[in-house]
Amino acid sequence: MKGNVKSSAPACGACRIQRKKCSDKCLLAPYFPPTDIRKFVIVHRVFGVTNIVKLLHDLPVEKRGDAVSSMIYEASVRIQDPVYGCAGAIRRLEQQVSELQSQLANIQLKFLNDRLQEAGLPPFISAIGTTNSILDTMNNTPDSDETDPMQLWEYPL
Ligand SMILES: [Zn+2]
């Protein structure tokens with residue numbers, strides 16, 4: 001096999017997994033090096049070679065690297081979470097943001113109340129739960145004309 005390959009470079013990761021000859025014009029070679037075949041295995045498992053090639057073929061060359069990175073991430077997450085994939089990852093990150101915003105609001109309230117106490121004034125708001133709902137209202141100004149894209153991905157937990 002090695003004698004048939006004109007180039008001295010080894011087959012790319014994609015061609016190696018597919019047991020195909022790799023040429024200088026291989027569409028997948030720049031994105032799936034032979035040193036990291038795991039990337040192709042993951043993407044191949046989720047998207048399939050035909051879809052990978054079709055997607056890359058339809059993109060400008062300068063955007064293909066980002067597309068491959070995105071496919072690798074999406075495929076990795078889909079394998080870890082076959083039900084929700086990236087939507088599950090986004091949901092978890094949203095929950096984390098919400099929890100961190102709540103913690104930040106509590107810290108800001110404590111800071112404010114400490115300053116008020118130092119000045120001999122009564123606390124601004126003593127019920128932290130009330131403060132969170134006030135801050136949530138301030139942070140989420142209602143805009144009924146806009147649809148939250150994340151609502152499209154809502155699912156029961
Ligand atoms: Zn190749």
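Below, all heavy atoms of this structure are taken into account, side chains as well, without hydrogens, waters or symmetry copies. Whatever order the structure lists them in is the order used to number ligands and atoms, beginning at 1. Predicted model, so just to flag it, every value in this text is computed and none were measured.
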With sequence neighbours left out, the residues meeting side chain to side chain contact (heavy atoms under 4.5 Å, CB included) with V77 are Y73, C86, A89
Any side-chain heavy atom of Y31 sitting closer than 4.5 Å to one from L56?
yes
Listing protein N, O or S under 2.8 Å around the Zn ion (ligand 1) gives C12 SG, C15 SG, C22 SG, C26 SG
* Asked: Should the pair R92-D81 be classified as a salt bridge under the 4.0 Å nitrogen-to-oxygen rule?
  -> yes
With sequence neighbours left out, the residues meeting salt bridge (Lys or Arg N to Asp or Glu O under 4.0 Å) with R115 are E118
- Query: Can you list the steps and then say if K110 with D114 is a salt bridge (charged side-chain N to carboxylate O under 4.0 Å, His left out)?
  - Reply: CA-CA 6 Å; K110 183 173 180 349; D114 286 351; 3.1 Å; yes
Residues at least two apart in sequence or cross-chain that pass side chain to side chain contact (heavy atoms under 4.5 Å, CB included) with V49, listed by chain then number, are Q18, F40, H44, V53
